[in-house]
Structure formats: C-alpha cells, structure tokens
Number of protein chains: 2
Amino acid sequence: MELDERKTKILQAVIRNYLETGEPVGSRTISKYTDLNLSSATIRNEMADLEEMGYILQPHTSAGRTPSDKGYRFYVDTMMEAKEREVVEMKEMLLERQDKMEQVLQRVAKVLAQNTQYATMISAPKMAGNKVKFVQLSRVDEGQILAVIVVEGNVIKNNILTVREELSDETLLKLNLLLNTNLTGLSISEINLGMISAMKQQAGIHSDIVGEVIDAVADAIKAEEDLEIYTSGTNNIFRYPELADQEKASELINTFEEKEQLENLLNQDFDSDNTGIQVYIGNESPVSSMRDCSVVTATYELGDGMRGTIGIVGPKRMDYDKVVGTLKTLQSKLDEIYKDHG
Amino acid sequence: MELDERKTKILQAVIRNYLETGEPVGSRTISKYTDLNLSSATIRNEMADLEEMGYILQPHTSAGRTPSDKGYRFYVDTMMEAKEREVVEMKEMLLERQDKMEQVLQRVAKVLAQNTQYATMISAPKMAGNKVKFVQLSRVDEGQILAVIVVEGNVIKNNILTVREELSDETLLKLNLLLNTNLTGLSISEINLGMISAMKQQAGIHSDIVGEVIDAVADAIKAEEDLEIYTSGTNNIFRYPELADQEKASELINTFEEKEQLENLLNQDFDSDNTGIQVYIGNESPVSSMRDCSVVTATYELGDGMRGTIGIVGPKRMDYDKVVGTLKTLQSKLDEIYKDHG
DNA sequence: GTTAGCACTCGTTTAGGTGGAGTGCTAATC
DNA sequence: GATTAGCACTCCACCTAAACGAGTGCTAAC
C-alpha cells in the first residue's frame, strides 16, 4: 500500500490534532477538521489503512487513533519546516553578557523550559580542540605549587601540586618558561607523551621533581572536564498526563537528576553535515526512561570551535515545530553573542 | 491537662506506628502494640485527650489518629536519642580522598539518599572567614590580565580582567607585591573599602588603571560564591504516598531543581551552641513546598573553619532516629577526613 | 478508673448501569 | 469503483448505590 496524498493529509491531521489535545483522534473529528470534505466513513477506511501501515495506533477497539513512533517520525521528517521565531526574552537575557559560563547555561536552560513548557538540558561546551594560551606555576605555600592554565576562550584550569622537595625560585622561573614555550599554542589533544618526555629532557638537571611537576601540569591540562550538564523544568513533565504517572515520573526525574544518562543524548557525535538538530522519538532515544518521550537536541557552537548541546524533552506529542524553531533561534543567538564578546 | 507518663507512652506509640505504616493509627492497634495492657476503649479516651491537646489529628471522624506537627516536635525533642550507627559505605567512600570538592559533595548526597531513601541536599562549605594566602596577576593576552587568588583551604578564585591600557611588566610586578603585602593573611570579610583606597594611594602614579585593577581584584575576592548546592534522591519522594501526588511532587521537585529556596534551609545562621543538627517539621520549614515534609539539617565543618550544611528531606513520618544518627556519623567522618588530608 | 458493647460515622471498595465516542461493516448512492 | 449513510457493536469513562470495615464516642457495667 502506498501513502498517497490523501493518506498523508489525514495522517498529518491526526497527528496535529493529537498534539493539541493529547486524546485519541476519531474519524469524525478529522472529517470536520480537514478541508478534504470527506465523510467520517471514508476517513475511517483510510485510517484503517494507516493503522495497517503502522503510522497510527488504536489504544483499544472503538477508541480513536494516536500516532505511533513511525507516525511521529514521518511527521517530523516530512512536514516539519523550521520557522524563525522571536524569542524576545532569551535574546535579552543573552545580550547582557555574563561572565560565568555556568550561570549563563543554567539560565538558558531555565528560560527555555519556561518558554516551551518542556524539560530542558544543556551541556557545557567542550574545549578539547582548544589551544593552551598561558601556563604559570607559582609557589603559594611550602611544598605547594599552584599551576594555572589558561586555554583559548579564557577557560581557566588550576591545580595545586604538592611537591616533596622545595623548588628554588630560579627553577620555578625556568619551568615556567619551559612550559610556556612548549605548550602555548598547542591544542589539548595535541599534547602527548612524546612531548612531555621531551620537555623533561630539556628541563635537565632536577629531572626528578621537575618531571613530577611537568606530569602534574600535563595531567591538569588533559583532565577530563566535569560532567557539566544543566537541567531545568523537569517538573514540566507533570503537565503531560502520559508522562505523569508515578513510576514514569520517578524514573524521568531520576534521569534528570543523575545526569549521567543525559550525556548519551547530549554528547552524541556531532554530525556536522546537518543543522545539528536531532530528533529522538520514543525508543529511538538511548535513554530508557524516555521511552514515552521525544527528545530534540541542537548542537551550538561558541565561535572558537567549542561545542555543546541543548536538549528538550517532552511528550511525543510535543510541538515539534515550535521546539525546533526555538532551538534554531537559540543556536544563532548563542553564536552571535559569543562572536561579539568572545 | 497534663501530659502524664501514660499519655506520653500512647503518643509515642501512635507516632512510632504511624512512622512505620503511614496510615492513621487506631485505638485497638495501640492497645495491642504497647505493653500498657489497656483496652482500646481506654486508649480511645486518652487519644481524645491527646487530640484535644493538639498532639494528634483525626483526618476525619472515624479515622485513626496521625501525629500533628506539635506531636512530631514532641517526639523529636524528647524521645530521639542519637545512636551511633555504622555507615560503612559512606566511610569507605570518604576515605578515598577525592580532589574535587564538587564530586565529593555530589557523591555524599547520592550515597546519603541511597542509605536513607529520602531526598538529600548538601551545600558547599563557605569560605567567608578564610584568609587570603596568595594573590597573583599575570598578563595572558593583550589587554587581558589573569588574577588568581588562593585562599586558605586551597580554594582558588580566578578572574580575567580586561584593561583598557596596557600595563608594563614593571607595574604588574609592583602591583603583585602590593597586593600580596596588603592582602595576605586577611580574611575575606576583613577586606573593606578603606584598605582598598589605602592600597590605591600606595600604588601612586598609575592610579587610574591600577585603581581599576585593584578594584577588580577586590571584587573577585569578595565575589559571592556560586550557589553551590548538590541534591540527590529527589525521586525518593515517590516512595511516600503522602508526598507523591502530582501537585505536591511537582512543587517539591521544582524546589530541588531550582535550589534557590534550599538555600534558606542550608544557609541558616549556624547556631554553634548545639550539635549543629536542626529539625524542621512541616510548616516550621521556611520552604512552603515542604509543608508536608520534615527536614533535618546538619552543619559540617572542614577543619579550617569552612562550614557547610547537609540536609535530608522526607515525609513527616521519617525515621528521625536513623536520620539524625546518620548525619552525626557523617559529620564526624567529614571532620576526620579533612583533618587527615586538609 | 477501666472496660465491654453498641450505635454511628465516614472513607474505601465493589458491582452494576448508563452514555457516548468511535469503530467496522454493509448496502445504497454518486 | 469510490464515497457515503446507517446501524450494530465495542469498550471506556463516569456515576450511583450498596456493602464493607476501620474506628470512633458514648454509656452502662464492673
């Protein structure tokens, strides 16, 4: 059987209607709702076909139809067209540049949740490709050395190293020079064992302690960043009866609080061919507690190659149009902001 | 009317029983449950008295009794005796020292939630009373100066300052010396406007730019720390039917996610006279969404005067004994750990 | 002062009944 | 052949009434 134009229109109407009401959609509704001028009986026949083809489901005999995952997928793939949309609040918020990334992201998540009435999550941009800009060691206390590393994008890492043996001012100065000459301009992923041992060689004489320090600095640079995911609007799931029953809600809330699983959604390989927008419907998502949800994620980029991901989690009947629109706007805004101020 | 020994015993029995079952407790249950050897009729009379006195409540005529806030308060105040308790997991976890405070706290919250089956929260220790140990300015880029401040307890603050006019190496050196001489050893709360202007005077010549830098450093030092509160086990509220209905659950979950309100519970003035353990029953808590909960908080101390608070949120019928015991153990463990490794 | 007993209350559960939305099928119509 | 009107049927959602039972307050006897 083929999905002709009329079937497509009916499917579209079923999904649209279900998105609005959250209730199974009957043939009579469609008959009135569309401009097809068909009787409910005809619609019924078509709907029977659509069901056979797997696009819609009947919760029980003599109930209306609801979209299946396949139906949603069809809808998202073919019918969704992105609309640019004003998100005034968000724009205003982002324009007043904040200095703390953390706060910005948390706020983006919050505003997004308020705007969409869904649950949101956002991962902090990874800086794996970024270049080291500045390294400095300073003695802060006996046996304690502070290592500060500044990476492009002005991300600062620091670490206190405890050394067994005191380092002279001279050695420290030499080490600083050495580290800066060798590391500045390299991206984090470019720093490898080979160069570290080369540096140790150059450091020469005090190789024991100095070697330790160099190792520690390298470790600090390479250290995996924390799992930085910010969430908001988790409680929005209670707006959608199909997600709000205790068991499901509990699972979902746990997922949002624990955050580990969210990583699977947010740190997907960025397939840069596209707009960076991904839609996961039901079981398409790698997170099992979201089997009754849909997830839309968007990759954002902050000028200098730092990339993170924003995600929106809602019921399958989420307003895909609006969500995708909002995410696109947000993408471009984030881009702008950081181009101007980066 | 007076709360004699028999009434006390009955009240205690009612509360104990309610803690276990979560159901209103009838007179017959008490008659069997206690060793008083009284008939249910007698118990009924006593319970009527207790109700009149405000210690217990009847959800409706012909239902059993549930403790009122006053009843819980009485129970907590008089009957609760702290027991030392093994919290093996927690001990093990804390013994393997982690370097990132954030991770430790997050993990403590999680383990605590798993142990107690309640929702938990923990605030990062504040360092307001701590002393500045080291200050350093370095040029990282044109017009960009990195200020690093190390405070006792090896807490590091840093900030990138953007300056309009380039500072010479010499000026920077001078500034570093000035800042260190003036600020080292002072606690953050001791740094005030007077000293800042004195420093500016000493700085002399380049007062314009230099003044700016000094201000920025002072700001960075005084900057309110982020609202660092970690939560876990929020979804445990679904274990307790009296908290699990949609509206209440939604409110509570929001409170836990937003975290702002939790601050009111966790950043109370530490009344150091006591063990640092506080119990809020129902409306005693400043957070309205917790009107049906009880909250137990414990102040912990990390050696050098840094203090934070741990909180446990559960139903009013939470196991106060266990919770207080667990928190006390945790307090002492945290203390030990940081004495050994601080 | 304590207890047994009883009438009473009131929320909870169960069963039955009804209405309505929606279907599938068939026969008539275009 | 496609469309439609009509009808019998299904099944959920909702309501009501009845039965249940846990627990009470009160009274009278011990």
Side-chain angles (χ1 to χ4, degrees), chain A residues 1-11 13-15 17-18 20-68 71 241-242 244-245, chain B residues 1-11 13-15 17-18 20-68 71 241-242 244-245:
Chain A
M1 208 176 322
E2 209 192 332
L3 201 61
D4 59 19
E5 192 181 330
R6 196 169 75 177
K7 282 195 173 52
T8 306
K9 275 198 173 169
I10 292 172
L11 176 53
V14 169
I15 296 181
N17 202 281
Y18 182 71
E20 274 175 38
T21 64
E23 297 293 322
V25 184
S27 54
R28 226 178 90 76
T29 313
I30 301 297
S31 158
K32 286 185 296 179
Y33 190 77
T34 58
D35 51 358
L36 290 167
N37 282 326
L38 292 172
S39 76
S40 61
T42 314
I43 304 288
R44 272 202 289 287
N45 293 331
E46 295 287 43
M47 279 165 80
D49 290 351
L50 285 169
E51 180 166 8
E52 201 187 327
M53 293 160 80
Y55 289 104
I56 52 182
L57 295 172
Q58 223 174 352
H60 58 86
T61 358
S62 90
R65 296 333 205 270
T66 60
S68 68
E242 63 267 49
D245 78 85
Chain B
M1 207 176 324
E2 210 192 332
L3 201 62
D4 59 18
E5 193 181 327
R6 196 169 75 176
K7 282 194 172 54
T8 305
K9 275 197 172 171
I10 292 172
L11 176 54
V14 169
I15 296 181
N17 202 281
Y18 182 70
E20 275 175 37
T21 63
E23 297 293 320
V25 185
S27 52
R28 225 178 92 77
T29 313
I30 301 298
S31 157
K32 286 184 297 179
Y33 191 78
T34 59
D35 51 358
L36 289 167
N37 281 326
L38 293 173
S39 77
S40 61
T42 314
I43 304 287
R44 273 204 287 288
N45 292 332
E46 295 287 44
M47 278 165 80
D49 290 351
L50 284 170
E51 180 167 8
E52 200 187 328
M53 293 161 80
Y55 289 105
I56 52 183
L57 295 172
Q58 224 175 351
H60 58 84
T61 0
S62 92
R65 302 315 210 278
T66 61
S68 68
E242 63 267 49
D245 77 85

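In what follows, every chain begins at residue 1, and chains take the letters A, B, ... in the order their sequences are listed.
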| Tyr18(B) versus Pro67(B), closest heavy-atom pair with distance | CD2-CD, 3.4 Å
| query | Is there a side-chain polar atom (N or O) of Arg65(A) under 4.0 Å from OP1 or OP2 of dT23(C)? | reply | yes
| Looking at dG11(C), dG25(D), dC12(D), which one has an atom nearest to any side-chain atom of His60(B)? | dG11(C)
| Think Thr61(B) has a side-chain N or O under 4.0 angstrom from the OP1 or OP2 of dT24(D)? | no
| task | Could you tell me the separation between the CD1 atom of Ile10(B) and the P atom of dT24(D), rounded to a whole number of Å? | result | 12 Å
| message | Can you confirm whether Leu3(A) sits close enough to Tyr55(A) that some side-chain heavy atom of one is under 4.5 Å from a side-chain heavy atom of the other? | response | yes
| message | Can you measure Arg28(A) atom CZ to dT23(C) atom C1' for me and round it to whole angstrom units? | response | 14 Å
| message | Tell me the interatomic distance from Lys7(B), atom NZ, to dG1(C), atom P, rounded to whole angstroms. | response | 11 Å
| note | Separation of dG24(C) atom C1' from Glu51(A) atom CD, nearest Å, is 12 Å
| field | Separation of dG23(D) P from Leu57(B) CG (nearest whole Å) | value | 16 Å
| query | Are Thr66(B) and Val25(B) close enough that some pair of their side-chain heavy atoms sits under 4.5 Å apart? | reply | no
| task | Determine whether the side chains of Arg44(B) and Ser27(B) contain a donor N or O and an acceptor N or O closer than 3.5 Å. | result | yes
| message | Rounded to whole Å, how long is the line connecting atom CG of Asp49(A) with atom P of dG24(C)? | response | 10 Å
| query | Once you round it to whole Å, what is the distance between C1' of dC26(D) and CE of Met47(B)? | reply | 16 Å
At a cut-off of 3.5 Å, list every protein nitrogen or oxygen paired with a nitrogen or oxygen from nucleotides 1-8 of chain D, distance to 0.1 Å.
| unit_1 | atom_1 | unit_2 | atom_2 | d |
| --- | --- | --- | --- | --- |
| dT3(D) | OP1 | Arg6(A) | NH1 | 2.7 |
| dT3(D) | OP2 | Arg6(A) | NH1 | 3.3 |
| dT3(D) | OP2 | Arg6(A) | NH2 | 3.1 |
| dT4(D) | OP2 | Ser39(A) | N | 3.1 |
| dT4(D) | OP2 | Thr42(A) | OG1 | 2.7 |
| dG6(D) | O6 | Arg44(A) | NH2 | 3.1 |

| remark: Rounded to whole Å, CD of Glu23(B) lies from C1' of dG11(C) at a distance of 12 Å
| query | Does atom CG of Asp4(A) have more than 12 heavy-atom neighbours from other groups under 6.0 Å away? | reply | yes
| field | Min side-chain heavy-atom separation Glu51(B)-Leu57(B) under 4.5 Å | value | no
Could you write out each protein N or O paired with an N or O of nucleotides 15-19 of chain C at a distance under 3.5 Å?
none

| field | Heavy atoms of other groups near Lys9(B) NZ, more than 12 under 6.0 Å | value | no
| Got a donor-acceptor pair under 3.5 Å from the side chain of Ser62(A) to the base of dT23(C)? | no
| said: Under the criterion side chain to side chain contact (heavy atoms under 4.5 Å, CB included), I'd like the reasoning laid out for Ile10(A) against Met47(A): C-alpha separation, chi angles, the key distance, then a yes or no. | reply: CA-CA 8 Å; Ile10(A) 292 172; Met47(A) 279 165 80; 4.2 Å; yes
| request: Mark yes or no for whether Gln58(A), through its side chain, and Ala63(A), through its backbone, hold a donor-acceptor pair below 3.5 Å. | output: yes
